[in-house]
Amino acid sequence: MSWTRAHDVNDADGSSQVLAVAAGAHGFVSVGSHNSQPTVWTTADGRAWRTIILPPPAGASAAALQQVAINGDRVVALGLATTGTGHAVGSATGTAPGAVPFAELSADNGVTWQQVPFSSPGPYTSFSALTPNAVGFAAAGLFGPPGQQDVALWASADGASWKPYQSGGGSGAWQIDTLARSDAEAGGIGTILTQQSQQTVTFTLPPR
């Protein structure tokens, strides 16, 4: 097995952070931030990557895309934007006061992008997973102050509109760590925390 260093066809200067990557029929799409702006990288062969720097949501001082998924020609990316009261988000699931979730959609394999409406059931939102499924996309995360967080789930048929997806109740003691497509459903792995132990659980989400 051997590796070849890839290159950026844009030669973008500055600081970049890649937080997630997805594979599709037309290549790969990765997301993160470049100079504190939401950024997408696309490639057909994994060697030459095109950098696409996106505008942050209105009123945001910084933003980063943290999750990405591909379903056919549609690519969805989710991330957090920070206002003047927060600070830049620097991890795949981290959040901060003043951070708000946002979504980006590409309907042409990652060539062009548009922000689409996205809402959270509460403050301190963070994303932990995003996957395509038989009917669109499913996403998971957390919301609420540290120590009092609940699980949040969202579903979208086309990546353009998102609806809450009930998780069966959150207790602040568990979270969804990853999601993956499984036939017509989305399967996932989560973690349940108790005073005595940490347990791993598996589950399925029916199409919605």
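All heavy atoms count here, side chains included; hydrogens, waters and symmetry mates do not. Counting from 1, the numbers follow the sequence of the chain as shown.
- Separating the CD atom in Gln148 from the CG atom in Leu142 is a distance of 13.0 Å, to the nearest 0.5 Å.
- For the atom pair CD1 of Ile189 and CG of Asp177, the computed distance is 8.0 Å after rounding to the nearest 0.5 Å.
- One hydrophobic cluster, built from ILVMFWY side chains closer than 4.5 Å, cannot hold both Val68 and Val76; they sit in different ones.
- Within the 4.5 Å cutoff, the side chain of Leu105 has no heavy atoms near those of the Gln115 side chain.
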> Could you go step by step and tell me if Thr43 and Asp45 meet the side-chain hydrogen bond (donor to acceptor under 3.5 Å, both in side chains) rule?
Replying inline: CA-CA 6 Å; Thr43 180; Asp45 57 9; 3.2 Å; yes

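- Taking each heavy atom of Ser30 and Val18 in turn, the nearest pair found is CB-CG1, 3.9 Å.
- Smallest separation of non-hydrogen atoms from Pro117 and Ala160: CD-O, 3.8 Å.
- The two residues Leu130 and Ala139 come nearest to each other via the heavy atoms CD1-CB, 3.8 Å.
- The distance from the NE2 atom of His26 to the OG1 atom of Thr42 is 12.0 Å, given to the nearest 0.5 Å.
- Of the possible donor and acceptor atoms, none in the side chain of Gln37 sits under 3.5 Å from a partner among the backbone N and O of Ala64.
- Closest of all the heavy-atom pairs between Gly46 and Ala6 is O-CB, 3.6 Å.
- Listed by chain and number, the residues in a ring-ring contact (aromatic ring centres under 6.0 Å, His included) with Phe118 are Phe127, Trp154, Trp162 (sequence neighbours excluded).
- Linking ILVMFWY side-chain heavy atoms closer than 4.5 Å, directly or via other members, places Trp113 and Ile70 in a single hydrophobic cluster.
- Thr82 places a side-chain N or O within donor-acceptor distance of the main-chain N or O of Ala62, the cut-off being under 3.5 Å.
- Side-chain contact check for Leu153 versus Pro164: every heavy-atom pair is 4.5 Å or farther apart.
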> side-chain contact (heavy atoms from CB on, under 4.5 Å) between Gln66 and Leu78: does it pass, once the steps are laid out?
Replying inline: CA-CA 6 Å; Gln66 302 169 321; Leu78 302 178; over 6 Å; no

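- Taking OG1 of Thr39 as the start and CD1 of Ile53 as the end, the distance is 5.0 Å to the nearest 0.5 Å.
- With hydrogens and angles disregarded, a donor-acceptor distance shorter than 3.5 Å links the side chain of Ser128 to the backbone of Ile176.
- Nearest heavy-atom pair, Pro55 versus Pro38, reported as atom, atom and distance to 0.1 Å: O-CG, 3.8 Å.
- In the hydrophobic cluster analysis, where Ile, Leu, Val, Met, Phe, Trp and Tyr join through side-chain heavy atoms closer than 4.5 angstrom, Phe102 is grouped together with Val29.
- Looking at Asp108 and Ser106, their side chains do bring a donor and an acceptor atom within 3.5 Å of each other.
- Using modelled atom types, one side-chain atom of Thr125 and one backbone atom of Gly122 make a donor-acceptor pair closer than 3.5 Å.
- Under a hydrophobic clustering in which Ile, Leu, Val, Met, Phe, Trp and Tyr are joined whenever their side-chain heavy atoms come within less than 4.5 Å, directly or via other members, Val31 and Ile52 fall into the same cluster.
- Of all heavy-atom pairs between Ala152 and Pro121, the closest is CB-CG, 4.3 Å.
- With rounding to the nearest 0.5 Å, the separation of CD in Glu104 from OG1 in Thr112 is 11.0 Å.
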> Yes or no on side-chain contact (heavy atoms from CB on, under 4.5 Å) for Leu65 and Leu19, after CA distance, side-chain angles and deciding distance?
Replying inline: CA-CA 7 Å; Leu65 293 168; Leu19 299 176; over 6 Å; no

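- No continuous path of hydrophobic side-chain contacts links Leu54 to Trp41 [ILVMFWY only; heavy atoms under 4.5 Å].
- Checking side-chain atoms of Asn71 against main-chain N and O of Asn133 turns up a donor-acceptor pair under 3.5 Å.
- Contact of the His34 side chain with the Ser15 side chain is not registered, since no non-hydrogen atoms from C-beta on lie closer than 4.5 Å.
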